[in-house]
Amino acid sequence: MIEIDHISKTFGPITAVDDVSFNVAKGEVLGFLGPNGAGKSTTMKMITGFLPPSSGTARVAGFDVRRDPIAVKRRVGYLPEGAPMWPDMTAEAFLAFIARVRGFGGADAETRIATAIRRTQLADVLQQPIETLSKGFKRRLGLAQALLHDPEVLILDEPTDGLDPNQKHEVRELIRSMAGTKAIIISTHILEEVEAVCSRAIIIAAGRIVADETPAGLAARSRRHNGVLLATRTPDKVRAVLKSLPDVAEVTSEGDGRLFAGAKNGASIITQVSTALREADAEIEQITVEQGRLDEVFREITTRQPAHA
Amino acid sequence: MHNVVTVFRREMASYFATPVAYVFIVIFLALNGVMTFYVGNFFERNQADLAAFFSFHPWLYLFLIPALSMRLWAEERRTGTIELSMTLPLTAGQLVIGKFLAAWAFTGIALALTFPIWLTVNYLGDPDNGAILAAYLGSLLMAGGFLAVGSFVSALTKNQVIAFVIAATLCFFLVAMGSTIVLTVLGELASGNVADFLRSLSVMNHFSDISKGVVDFRDAVYFAALICLFLFLNVVAIDRLKAA
(Lines give C-alpha, C1' and ligand atoms only; values in the text may rest on other atoms or scores of the structure.)
Protein backbone atom coordinates (compact mmCIF):
# COMPACT_ATOMS: atom_id res chain seq x y z
CA MET A 1 0.00 0.00 0.00
CA ILE A 2 2.83 2.35 0.88
CA GLU A 3 6.12 1.97 -0.96
CA ILE A 4 9.08 4.09 -0.03
CA ASP A 5 11.62 3.85 -2.79
CA HIS A 6 15.16 5.02 -1.99
CA ILE A 7 13.91 8.33 -0.67
CA SER A 8 16.40 11.00 0.41
CA LYS A 9 16.06 14.58 1.56
CA THR A 10 18.81 17.12 1.95
CA PHE A 11 18.48 20.62 3.33
CA GLY A 12 21.55 22.41 2.05
CA PRO A 13 24.52 20.55 3.50
CA ILE A 14 22.39 18.52 5.92
CA THR A 15 21.11 15.10 4.93
CA ALA A 16 17.89 14.59 6.87
CA VAL A 17 16.82 11.35 5.22
CA ASP A 18 19.38 9.14 3.56
CA ASP A 19 18.23 6.52 1.05
CA VAL A 20 15.34 5.06 3.01
CA SER A 21 13.27 2.25 1.50
CA PHE A 22 10.46 0.19 3.01
CA ASN A 23 6.95 -1.00 2.23
CA VAL A 24 3.88 -1.06 4.40
CA ALA A 25 1.10 -3.47 3.50
CA LYS A 26 -2.58 -3.23 4.28
CA GLY A 27 -3.19 -4.54 7.80
CA GLU A 28 0.20 -3.45 9.06
CA VAL A 29 0.73 -0.87 11.77
CA LEU A 30 4.25 0.41 11.42
CA GLY A 31 5.86 2.13 14.37
CA PHE A 32 8.36 4.68 13.17
CA LEU A 33 10.97 5.27 15.85
CA GLY A 34 14.07 7.32 16.20
CA PRO A 35 15.62 10.07 18.25
CA ASN A 36 14.55 13.67 17.63
CA GLY A 37 15.99 14.90 14.37
CA ALA A 38 16.47 11.39 12.98
CA GLY A 39 14.27 12.13 9.98
CA LYS A 40 10.93 10.62 11.03
CA SER A 41 8.83 13.70 10.37
CA THR A 42 10.74 14.56 7.22
CA THR A 43 10.02 11.09 5.83
CA MET A 44 6.34 11.43 6.68
CA LYS A 45 6.21 14.87 5.08
CA MET A 46 7.61 13.39 1.89
CA ILE A 47 5.11 10.51 1.80
CA THR A 48 2.22 12.92 2.27
CA GLY A 49 3.43 15.21 -0.50
CA PHE A 50 4.30 18.19 1.67
CA LEU A 51 8.04 18.04 1.00
CA PRO A 52 9.47 17.07 -2.36
CA PRO A 53 12.12 14.34 -1.99
CA SER A 54 15.65 15.26 -3.09
CA SER A 55 15.83 11.85 -4.72
CA GLY A 56 13.79 8.68 -4.76
CA THR A 57 10.04 8.69 -4.32
CA ALA A 58 7.12 7.31 -2.37
CA ARG A 59 4.05 5.57 -3.75
CA VAL A 60 0.67 5.21 -2.11
CA ALA A 61 -1.75 2.69 -3.59
CA GLY A 62 0.42 2.75 -6.71
CA PHE A 63 0.35 6.54 -7.15
CA ASP A 64 3.68 8.30 -7.24
CA VAL A 65 3.69 11.27 -4.89
CA ARG A 66 5.94 13.25 -7.22
CA ARG A 67 3.87 12.68 -10.33
CA ASP A 68 0.37 12.48 -8.92
CA PRO A 69 0.37 14.22 -5.53
CA ILE A 70 -3.38 14.88 -5.46
CA ALA A 71 -4.22 11.19 -5.97
CA VAL A 72 -1.92 10.37 -3.05
CA LYS A 73 -3.38 13.09 -0.83
CA ARG A 74 -6.90 11.79 -1.49
CA ARG A 75 -5.94 8.36 -0.17
CA VAL A 76 -3.98 9.45 2.86
CA GLY A 77 -5.19 10.65 6.24
CA TYR A 78 -2.39 12.66 7.80
CA LEU A 79 -1.91 14.04 11.27
CA PRO A 80 1.05 16.43 11.05
CA GLU A 81 3.39 16.84 13.99
CA GLY A 82 1.81 19.07 16.63
CA ALA A 83 -1.61 18.81 14.94
CA PRO A 84 -1.63 22.30 13.38
CA MET A 85 -5.12 23.72 12.78
CA TRP A 86 -6.61 27.17 12.19
CA PRO A 87 -7.05 28.58 15.70
CA ASP A 88 -10.06 30.79 14.99
CA MET A 89 -12.27 28.05 13.54
CA THR A 90 -14.63 26.06 15.73
CA ALA A 91 -14.09 22.32 15.83
CA GLU A 92 -17.32 21.78 13.93
CA ALA A 93 -16.54 24.32 11.20
CA PHE A 94 -13.11 22.77 10.85
CA LEU A 95 -14.50 19.28 10.28
CA ALA A 96 -17.10 20.67 7.88
CA PHE A 97 -14.31 22.33 5.90
CA ILE A 98 -12.31 19.10 5.78
CA ALA A 99 -15.41 17.20 4.60
CA ARG A 100 -15.95 19.69 1.76
CA VAL A 101 -12.30 19.56 0.74
CA ARG A 102 -12.52 15.78 0.72
CA GLY A 103 -15.45 16.09 -1.66
CA PHE A 104 -18.31 15.08 0.64
CA GLY A 105 -21.55 17.01 0.70
CA GLY A 106 -25.01 16.87 2.22
CA ALA A 107 -26.05 13.85 4.25
CA ASP A 108 -22.86 11.94 3.40
CA ALA A 109 -20.73 14.71 4.89
CA GLU A 110 -22.90 14.84 8.00
CA THR A 111 -22.66 11.10 8.57
CA ARG A 112 -18.91 11.15 8.14
CA ILE A 113 -18.45 14.10 10.46
CA ALA A 114 -20.70 12.46 13.06
CA THR A 115 -18.74 9.21 12.82
CA ALA A 116 -15.40 10.99 13.19
CA ILE A 117 -16.72 12.93 16.18
CA ARG A 118 -17.96 9.75 17.83
CA ARG A 119 -14.73 7.86 17.27
CA THR A 120 -12.60 10.63 18.71
CA GLN A 121 -15.11 11.65 21.43
CA LEU A 122 -15.27 15.31 20.49
CA ALA A 123 -18.99 15.90 20.96
CA ASP A 124 -18.54 18.23 23.93
CA VAL A 125 -16.27 20.77 22.28
CA LEU A 126 -17.78 21.17 18.82
CA GLN A 127 -18.71 24.82 19.24
CA GLN A 128 -15.39 25.89 20.73
CA PRO A 129 -12.76 27.74 18.72
CA ILE A 130 -9.77 25.47 18.23
CA GLU A 131 -7.44 27.87 20.08
CA THR A 132 -9.41 27.31 23.30
CA LEU A 133 -9.16 23.52 23.14
CA SER A 134 -6.86 21.58 25.44
CA LYS A 135 -3.92 19.75 23.95
CA GLY A 136 -5.76 16.43 24.17
CA PHE A 137 -8.83 17.69 22.35
CA LYS A 138 -6.67 19.34 19.68
CA ARG A 139 -4.86 16.08 19.06
CA ARG A 140 -8.16 14.22 18.82
CA LEU A 141 -9.57 16.82 16.43
CA GLY A 142 -6.48 16.32 14.31
CA LEU A 143 -7.18 12.60 14.34
CA ALA A 144 -10.84 13.16 13.44
CA GLN A 145 -9.65 15.21 10.48
CA ALA A 146 -7.32 12.42 9.36
CA LEU A 147 -10.02 9.73 9.70
CA LEU A 148 -12.91 11.60 8.17
CA HIS A 149 -12.63 10.16 4.68
CA ASP A 150 -11.88 6.65 5.95
CA PRO A 151 -8.56 6.57 4.08
CA GLU A 152 -6.67 3.48 2.99
CA VAL A 153 -3.50 4.92 4.46
CA LEU A 154 -3.06 6.69 7.77
CA ILE A 155 0.09 8.59 8.62
CA LEU A 156 0.13 9.87 12.18
CA ASP A 157 3.04 11.93 13.48
CA GLU A 158 3.10 11.48 17.25
CA PRO A 159 -0.64 10.87 17.65
CA THR A 160 -0.57 10.48 21.43
CA ASP A 161 1.82 13.32 22.24
CA GLY A 162 0.36 15.42 25.03
CA LEU A 163 -2.48 13.08 25.90
CA ASP A 164 -3.18 11.78 29.39
CA PRO A 165 -2.97 8.02 30.01
CA ASN A 166 -6.70 7.48 29.44
CA GLN A 167 -6.68 9.40 26.19
CA LYS A 168 -3.57 7.56 25.07
CA HIS A 169 -5.38 4.32 25.73
CA GLU A 170 -8.38 5.47 23.69
CA VAL A 171 -6.25 6.58 20.76
CA ARG A 172 -4.41 3.27 20.78
CA GLU A 173 -7.71 1.40 20.86
CA LEU A 174 -8.84 3.51 17.90
CA ILE A 175 -5.68 2.72 15.94
CA ARG A 176 -5.98 -0.96 16.78
CA SER A 177 -9.61 -1.02 15.67
CA MET A 178 -8.61 0.28 12.25
CA ALA A 179 -5.50 -1.82 11.89
CA GLY A 180 -7.04 -4.61 9.83
CA THR A 181 -8.30 -2.48 6.98
CA LYS A 182 -5.60 0.13 6.53
CA ALA A 183 -1.90 0.63 6.19
CA ILE A 184 -0.85 2.76 9.14
CA ILE A 185 2.40 4.50 10.00
CA ILE A 186 2.75 6.12 13.40
CA SER A 187 5.78 7.89 14.71
CA THR A 188 6.32 7.96 18.42
CA HIS A 189 8.81 8.32 21.21
CA ILE A 190 6.81 6.11 23.50
CA LEU A 191 8.15 2.61 23.20
CA GLU A 192 5.34 0.94 25.11
CA GLU A 193 3.07 2.31 22.40
CA VAL A 194 4.99 0.35 19.81
CA GLU A 195 4.47 -2.82 21.80
CA ALA A 196 0.81 -1.96 22.32
CA VAL A 197 -0.28 -1.20 18.75
CA CYS A 198 2.41 -1.88 16.18
CA SER A 199 2.89 -5.04 14.18
CA ARG A 200 6.28 -3.83 13.02
CA ALA A 201 8.84 -1.28 14.07
CA ILE A 202 11.39 0.66 12.06
CA ILE A 203 14.09 2.57 13.87
CA ILE A 204 15.89 5.32 12.04
CA ALA A 205 18.92 7.22 13.20
CA ALA A 206 20.68 10.02 11.35
CA GLY A 207 18.37 9.52 8.37
CA ARG A 208 19.01 5.81 7.92
CA ILE A 209 17.05 2.72 8.80
CA VAL A 210 18.94 0.88 11.53
CA ALA A 211 16.34 -1.72 12.45
CA ASP A 212 13.21 -3.14 10.83
CA GLU A 213 11.55 -5.89 12.87
CA THR A 214 8.52 -6.86 14.90
CA PRO A 215 8.44 -5.22 18.33
CA ALA A 216 9.05 -8.65 19.88
CA GLY A 217 11.99 -9.23 17.57
CA LEU A 218 13.47 -5.91 18.58
CA ALA A 219 13.00 -6.68 22.24
CA ALA A 220 14.76 -9.99 21.71
CA ARG A 221 17.90 -8.07 20.84
CA SER A 222 17.96 -6.86 24.39
CA ARG A 223 20.59 -8.05 26.84
CA ARG A 224 17.69 -8.79 29.16
CA HIS A 225 15.75 -10.95 26.71
CA ASN A 226 14.88 -14.28 28.37
CA GLY A 227 16.73 -13.16 31.48
CA VAL A 228 15.27 -14.09 34.83
CA LEU A 229 14.43 -11.59 37.54
CA LEU A 230 14.23 -12.99 41.07
CA ALA A 231 13.32 -11.61 44.46
CA THR A 232 14.81 -13.39 47.46
CA ARG A 233 15.79 -12.87 51.10
CA THR A 234 19.00 -14.80 50.63
CA PRO A 235 20.65 -13.11 47.68
CA ASP A 236 24.14 -14.42 48.33
CA LYS A 237 23.07 -18.03 48.25
CA VAL A 238 20.93 -17.55 45.14
CA ARG A 239 23.69 -15.65 43.40
CA ALA A 240 26.08 -18.53 43.92
CA VAL A 241 23.58 -21.00 42.49
CA LEU A 242 22.90 -18.83 39.44
CA LYS A 243 26.57 -18.25 38.74
CA SER A 244 27.18 -21.97 38.57
CA LEU A 245 24.73 -22.41 35.70
CA PRO A 246 26.27 -22.77 32.23
CA ASP A 247 23.68 -20.68 30.32
CA VAL A 248 23.68 -17.73 32.71
CA ALA A 249 25.86 -14.98 31.28
CA GLU A 250 25.88 -12.64 34.24
CA VAL A 251 24.20 -12.04 37.55
CA THR A 252 23.51 -8.50 38.65
CA SER A 253 21.97 -7.12 41.78
CA GLU A 254 19.08 -4.75 41.25
CA GLY A 255 18.62 -3.73 44.89
CA ASP A 256 15.94 -4.76 47.40
CA GLY A 257 17.15 -8.36 47.30
CA ARG A 258 16.40 -8.61 43.60
CA LEU A 259 18.78 -10.39 41.30
CA PHE A 260 18.85 -10.51 37.55
CA ALA A 261 20.33 -13.41 35.63
CA GLY A 262 21.09 -12.61 32.01
CA ALA A 263 20.78 -15.37 29.44
CA LYS A 264 23.73 -16.33 27.27
CA ASN A 265 22.87 -15.56 23.63
CA GLY A 266 19.26 -14.99 24.59
CA ALA A 267 18.61 -18.68 25.20
CA SER A 268 15.76 -19.70 27.45
CA ILE A 269 17.19 -20.31 30.92
CA ILE A 270 14.09 -20.40 33.07
CA THR A 271 13.88 -24.22 33.32
CA GLN A 272 17.53 -24.49 34.20
CA VAL A 273 17.27 -21.70 36.77
CA SER A 274 14.14 -23.00 38.46
CA THR A 275 15.41 -26.56 38.65
CA ALA A 276 18.74 -25.48 40.12
CA LEU A 277 17.07 -23.25 42.67
CA ARG A 278 14.69 -25.97 43.73
CA GLU A 279 17.55 -28.40 44.16
CA ALA A 280 19.48 -25.86 46.20
CA ASP A 281 16.35 -25.27 48.29
CA ALA A 282 16.63 -21.51 47.85
CA GLU A 283 13.86 -19.26 49.12
CA ILE A 284 12.42 -17.38 46.17
CA GLU A 285 9.63 -14.88 46.64
CA GLN A 286 9.13 -13.92 43.04
CA ILE A 287 10.44 -15.02 39.69
CA THR A 288 9.77 -13.58 36.23
CA VAL A 289 11.13 -14.08 32.75
CA GLU A 290 11.89 -10.84 30.95
CA GLN A 291 11.06 -10.23 27.28
CA GLY A 292 13.69 -7.58 26.93
CA ARG A 293 13.34 -3.87 27.04
CA LEU A 294 12.68 -1.86 23.90
CA ASP A 295 14.08 1.31 25.41
CA GLU A 296 17.38 -0.39 26.00
CA VAL A 297 17.52 -1.75 22.46
CA PHE A 298 16.48 1.62 21.12
CA ARG A 299 19.23 3.37 23.02
CA GLU A 300 21.82 0.87 21.94
CA ILE A 301 20.87 0.96 18.26
CA THR A 302 20.48 4.70 17.93
CA THR A 303 23.63 5.72 19.77
CA ARG A 304 25.85 3.25 17.97
CA GLN A 305 28.01 4.86 15.31
CA PRO A 306 26.30 4.32 11.98
CA ALA A 307 28.18 1.66 10.04
CA HIS A 308 28.95 3.21 6.69
CA ALA A 309 29.33 0.71 3.93
CA MET B 1 -13.46 25.35 -8.82
CA HIS B 2 -15.26 23.55 -6.00
CA ASN B 3 -12.02 23.58 -4.05
CA VAL B 4 -11.44 27.28 -4.67
CA VAL B 5 -14.93 27.99 -3.33
CA THR B 6 -14.26 25.80 -0.27
CA VAL B 7 -11.02 27.64 0.49
CA PHE B 8 -12.74 30.97 -0.18
CA ARG B 9 -15.51 30.21 2.31
CA ARG B 10 -13.08 29.13 5.00
CA GLU B 11 -10.99 32.27 4.58
CA MET B 12 -13.99 34.56 4.48
CA ALA B 13 -15.39 33.03 7.67
CA SER B 14 -12.04 33.51 9.38
CA TYR B 15 -12.12 37.28 8.72
CA PHE B 16 -15.38 37.57 10.58
CA ALA B 17 -14.45 35.07 13.30
CA THR B 18 -11.76 37.48 14.46
CA PRO B 19 -11.76 41.25 15.05
CA VAL B 20 -9.74 41.68 11.83
CA ALA B 21 -12.80 42.34 9.70
CA TYR B 22 -14.38 44.90 12.00
CA VAL B 23 -11.17 46.77 12.76
CA PHE B 24 -10.26 46.91 9.09
CA ILE B 25 -13.66 48.12 7.95
CA VAL B 26 -13.96 50.78 10.65
CA ILE B 27 -10.47 52.15 10.01
CA PHE B 28 -10.98 52.05 6.25
CA LEU B 29 -14.24 53.97 6.46
CA ALA B 30 -12.91 56.47 8.99
CA LEU B 31 -9.80 57.24 6.96
CA ASN B 32 -11.83 57.55 3.80
CA GLY B 33 -14.05 60.09 5.50
CA VAL B 34 -11.15 62.10 6.88
CA MET B 35 -9.33 62.12 3.55
CA THR B 36 -12.36 63.06 1.51
CA PHE B 37 -13.73 65.82 3.69
CA TYR B 38 -10.67 67.36 5.33
CA VAL B 39 -7.79 66.70 2.97
CA GLY B 40 -9.73 66.44 -0.27
CA ASN B 41 -11.99 69.42 0.47
CA PHE B 42 -15.05 67.60 -0.79
CA PHE B 43 -17.38 70.51 -0.03
CA GLU B 44 -15.10 73.36 -1.03
CA ARG B 45 -14.55 71.83 -4.46
CA ASN B 46 -18.21 72.47 -5.08
CA GLN B 47 -18.37 69.76 -7.70
CA ALA B 48 -20.81 66.88 -7.91
CA ASP B 49 -18.21 64.11 -8.24
CA LEU B 50 -16.19 61.80 -6.02
CA ALA B 51 -12.70 62.71 -7.26
CA ALA B 52 -11.81 63.90 -3.77
CA PHE B 53 -12.80 60.47 -2.48
CA PHE B 54 -11.08 58.26 -5.02
CA SER B 55 -7.85 60.22 -5.40
CA PHE B 56 -6.72 59.10 -1.94
CA HIS B 57 -7.38 55.41 -2.47
CA PRO B 58 -3.86 54.56 -3.71
CA TRP B 59 -2.41 56.04 -0.52
CA LEU B 60 -4.96 54.34 1.73
CA TYR B 61 -4.44 50.98 0.08
CA LEU B 62 -0.71 51.46 0.35
CA PHE B 63 -0.77 50.50 4.01
CA LEU B 64 -4.24 49.01 4.57
CA ILE B 65 -3.93 46.32 1.92
CA PRO B 66 -0.53 45.04 3.15
CA ALA B 67 -2.07 44.94 6.64
CA LEU B 68 -4.73 42.63 5.25
CA SER B 69 -2.45 40.53 3.08
CA MET B 70 0.45 40.09 5.51
CA ARG B 71 -1.20 37.21 7.34
CA LEU B 72 -2.38 35.28 4.28
CA TRP B 73 0.61 32.95 4.09
CA ALA B 74 3.05 34.13 6.75
CA GLU B 75 0.63 33.04 9.47
CA GLU B 76 0.05 29.63 7.89
CA ARG B 77 3.76 29.11 7.67
CA ARG B 78 4.40 30.20 11.25
CA THR B 79 1.64 28.10 12.81
CA GLY B 80 2.29 25.12 10.55
CA THR B 81 -1.26 24.97 9.17
CA ILE B 82 0.33 25.21 5.74
CA GLU B 83 1.33 21.58 6.23
CA LEU B 84 -2.32 20.68 6.70
CA SER B 85 -3.42 22.81 3.74
CA MET B 86 -0.81 21.35 1.45
CA THR B 87 -1.45 17.72 2.39
CA LEU B 88 -5.19 17.99 1.72
CA PRO B 89 -6.14 17.21 -1.87
CA LEU B 90 -5.78 20.87 -2.86
CA THR B 91 -3.32 22.35 -5.32
CA ALA B 92 -1.19 25.38 -4.49
CA GLY B 93 -3.08 27.26 -7.20
CA GLN B 94 -6.46 26.55 -5.62
CA LEU B 95 -5.20 27.70 -2.24
CA VAL B 96 -3.60 30.86 -3.61
CA ILE B 97 -6.67 31.82 -5.66
CA GLY B 98 -9.14 30.95 -2.89
CA LYS B 99 -7.25 33.01 -0.35
CA PHE B 100 -6.75 35.90 -2.74
CA LEU B 101 -10.40 36.00 -3.81
CA ALA B 102 -11.56 35.96 -0.19
CA ALA B 103 -9.28 38.87 0.68
CA TRP B 104 -10.38 40.70 -2.45
CA ALA B 105 -14.06 40.12 -1.80
CA PHE B 106 -13.52 41.32 1.75
CA THR B 107 -11.91 44.52 0.44
CA GLY B 108 -14.91 44.81 -1.88
CA ILE B 109 -17.25 44.67 1.11
CA ALA B 110 -15.27 47.43 2.84
CA LEU B 111 -15.34 49.50 -0.33
CA ALA B 112 -19.07 48.93 -0.82
CA LEU B 113 -19.67 50.19 2.72
CA THR B 114 -18.49 53.64 1.61
CA PHE B 115 -21.87 53.98 -0.16
CA PRO B 116 -23.01 56.88 2.12
CA ILE B 117 -20.59 59.14 0.30
CA TRP B 118 -22.28 58.20 -2.94
CA LEU B 119 -25.67 58.94 -1.40
CA THR B 120 -24.31 62.27 -0.16
CA VAL B 121 -23.06 63.40 -3.53
CA ASN B 122 -26.33 62.38 -5.14
CA TYR B 123 -28.25 64.31 -2.51
CA LEU B 124 -26.15 67.42 -2.95
CA GLY B 125 -25.93 67.46 -6.71
CA ASP B 126 -26.37 65.53 -9.90
CA PRO B 127 -23.19 63.48 -10.46
CA ASP B 128 -22.38 61.14 -13.32
CA ASN B 129 -23.21 57.85 -11.62
CA GLY B 130 -21.72 55.82 -14.45
CA ALA B 131 -18.38 57.51 -13.86
CA ILE B 132 -18.66 56.85 -10.14
CA LEU B 133 -19.36 53.17 -10.74
CA ALA B 134 -16.37 52.98 -13.06
CA ALA B 135 -14.21 54.62 -10.41
CA TYR B 136 -15.39 52.09 -7.83
CA LEU B 137 -14.46 49.27 -10.20
CA GLY B 138 -11.07 50.86 -10.81
CA SER B 139 -10.48 51.19 -7.09
CA LEU B 140 -11.38 47.53 -6.60
CA LEU B 141 -8.99 46.52 -9.39
CA MET B 142 -6.20 48.52 -7.78
CA ALA B 143 -6.93 46.89 -4.42
CA GLY B 144 -6.70 43.51 -6.18
CA GLY B 145 -3.31 44.41 -7.62
CA PHE B 146 -1.97 45.42 -4.21
CA LEU B 147 -3.45 42.31 -2.62
CA ALA B 148 -1.74 40.06 -5.15
CA VAL B 149 1.58 41.77 -4.41
CA GLY B 150 0.96 41.47 -0.65
CA SER B 151 -0.10 37.84 -0.87
CA PHE B 152 3.07 36.98 -2.78
CA VAL B 153 5.28 38.78 -0.26
CA SER B 154 3.45 37.05 2.60
CA ALA B 155 4.38 33.70 1.07
CA LEU B 156 8.07 34.60 1.27
CA THR B 157 8.28 34.89 5.04
CA LYS B 158 6.99 33.52 8.32
CA ASN B 159 7.07 36.97 9.84
CA GLN B 160 4.00 39.12 9.37
CA VAL B 161 5.82 42.36 10.18
CA ILE B 162 8.35 41.69 7.45
CA ALA B 163 5.52 40.79 5.08
CA PHE B 164 3.80 44.09 5.86
CA VAL B 165 6.86 46.29 5.46
CA ILE B 166 8.01 44.71 2.22
CA ALA B 167 4.55 44.67 0.69
CA ALA B 168 3.98 48.32 1.62
CA THR B 169 7.34 49.24 0.11
CA LEU B 170 6.60 47.38 -3.11
CA CYS B 171 3.17 48.97 -3.34
CA PHE B 172 4.74 52.37 -2.76
CA PHE B 173 7.05 51.78 -5.70
CA LEU B 174 4.12 50.72 -7.81
CA VAL B 175 2.29 53.91 -6.93
CA ALA B 176 5.21 56.30 -7.13
CA MET B 177 7.12 54.74 -10.00
CA GLY B 178 5.93 57.23 -12.58
CA SER B 179 5.97 60.25 -10.33
CA THR B 180 8.26 63.22 -10.91
CA ILE B 181 10.01 62.62 -7.58
CA VAL B 182 11.14 59.13 -8.48
CA LEU B 183 12.04 60.09 -12.02
CA THR B 184 14.09 63.01 -10.71
CA VAL B 185 15.93 60.78 -8.25
CA LEU B 186 16.72 58.34 -11.02
CA GLY B 187 17.84 61.33 -13.11
CA GLU B 188 19.88 60.35 -16.09
CA LEU B 189 19.03 56.67 -15.79
CA ALA B 190 15.38 57.30 -16.32
CA SER B 191 15.23 59.58 -19.27
CA GLY B 192 13.18 59.28 -22.39
CA ASN B 193 11.95 55.79 -23.03
CA VAL B 194 12.85 54.46 -19.59
CA ALA B 195 10.85 57.21 -17.94
CA ASP B 196 7.91 56.51 -20.19
CA PHE B 197 8.16 52.82 -19.45
CA LEU B 198 8.26 53.36 -15.69
CA ARG B 199 5.36 55.75 -15.91
CA SER B 200 3.39 53.20 -17.88
CA LEU B 201 3.96 50.62 -15.15
CA SER B 202 2.88 52.93 -12.38
CA VAL B 203 -0.41 52.32 -10.63
CA MET B 204 -1.03 56.08 -10.46
CA ASN B 205 -0.87 56.34 -14.20
CA HIS B 206 -3.62 53.76 -14.58
CA PHE B 207 -5.71 54.74 -11.63
CA SER B 208 -5.87 58.51 -12.29
CA ASP B 209 -7.94 57.98 -15.43
CA ILE B 210 -10.17 55.44 -13.79
CA SER B 211 -10.77 57.65 -10.76
CA LYS B 212 -12.14 60.29 -13.12
CA GLY B 213 -14.52 57.71 -14.48
CA VAL B 214 -12.69 56.91 -17.69
CA VAL B 215 -12.15 53.18 -17.91
CA ASP B 216 -9.70 52.39 -20.63
CA PHE B 217 -9.36 48.77 -21.66
CA ARG B 218 -5.60 49.09 -21.23
CA ASP B 219 -5.97 50.12 -17.60
CA ALA B 220 -8.12 47.08 -16.86
CA VAL B 221 -5.58 44.86 -18.61
CA TYR B 222 -2.79 46.47 -16.59
CA PHE B 223 -4.41 45.57 -13.27
CA ALA B 224 -5.45 42.11 -14.45
CA ALA B 225 -1.87 41.45 -15.56
CA LEU B 226 -0.51 42.73 -12.24
CA ILE B 227 -2.83 40.37 -10.35
CA CYS B 228 -2.05 37.35 -12.54
CA LEU B 229 1.70 37.92 -12.41
CA PHE B 230 1.88 38.12 -8.64
CA LEU B 231 -0.53 35.25 -8.05
CA PHE B 232 1.61 33.13 -10.34
CA LEU B 233 4.72 34.13 -8.38
CA ASN B 234 2.75 33.35 -5.23
CA VAL B 235 2.09 29.78 -6.38
CA VAL B 236 5.76 29.31 -7.25
CA ALA B 237 6.80 30.72 -3.86
CA ILE B 238 4.43 28.40 -1.98
CA ASP B 239 5.64 25.35 -3.84
CA ARG B 240 9.26 26.25 -3.25
CA LEU B 241 9.27 27.66 0.23
CA LYS B 242 6.42 25.98 2.09
CA ALA B 243 8.61 24.04 4.46
CA ALA B 244 11.52 26.42 4.82
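By convention in this document, chain letters (A, B, ...) are assigned in the order of the sequence lines, proteins followed by strands, and residues within each chain are numbered from 1.
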Exercise for the section: Please flag which part of Met85(A) lies under 4.5 Å from any non-hydrogen atom of chain B: side chain, backbone, both or neither. Expected result: both

Completion exercise
Bottom line for Ile98(A): the part with an atom under 4.5 Å from chain B's heavy atoms is side chain

Problem - Phe16(B) atom CZ: more than 12 heavy-atom contacts under 6.0 Å - result: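 Count over threshold, so yes.
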
Practice task
Report, as yes or no, whether the 6.0 Å neighbourhood of atom CZ on Phe172(B) holds more than 12 heavy atoms from other residues, nucleotides or ligands.
Solution key: no

Problem - Residue pair Phe50(A) / Ile82(B), side-chain heavy-atom distance below 4.5 Å - result: yes

Practice task
Report yes if the side chains of Val76(A) and Thr87(B) come closer than 4.5 Å at any heavy-atom pair, otherwise no.
Solution key: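 Heavy-atom side-chain distance check fails, nothing below 4.5 Å.
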
Completion exercise
Applying a strict 4.5 Å limit to non-hydrogen atoms, the region of Thr18(B) in contact with chain A is side chain

Problem - Atom of Val101(A), atom of Asn3(B) and distance for their closest heavy-atom approach - result: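 Where Val101(A) meets Asn3(B) most closely, the heavy atoms are O-OD1, 4.0 Å.
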
Fill in the blank from the handout: Between Ile70(A) and Pro89(B) the two heavy atoms that sit nearest each other are CD1-C, 3.9 Å

Could you tell me the separation between the [atom1] atom of [X] and the [atom2] atom of [Y], rounded to the nearest 0.5 Å?
{"X": "Leu84(B)", "Y": "Thr48(A)", "atom1": "CG", "atom2": "OG1", "result": "10.5 Å"}
{"X": "Tyr15(B)", "Y": "Asp88(A)", "atom1": "OH", "atom2": "CG", "result": "11.0 Å"}
{"X": "Arg10(B)", "Y": "Arg100(A)", "atom1": "CZ", "atom2": "CZ", "result": "10.5 Å"}
{"X": "Leu88(B)", "Y": "Arg74(A)", "atom1": "CG", "atom2": "CZ", "result": "11.5 Å"}
{"X": "Glu11(B)", "Y": "Trp86(A)", "atom1": "CD", "atom2": "CH2", "result": "8.5 Å"}

Handout entry: Max heavy-atom pair count under 4.5 Å with chain B, selected residue of Pro80(A), Ala93(A), Ala71(A), Ala96(A)
Key =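 The residue among Pro80(A), Ala93(A), Ala71(A), Ala96(A) with the greatest pair count is Pro80(A).
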
Exercise for the section: Report the option among Gln94(B), Glu75(B), Glu76(B) that has the most heavy-atom pairs separated by less than 4.5 Å from atoms of chain A. Expected result: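 It is Glu76(B).
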
Exercise for the section: Spell out, as yes or no, whether a donor-acceptor pair under 3.5 Å connects the side chain of Lys73(A) to the backbone of Met86(B). Expected result: yes

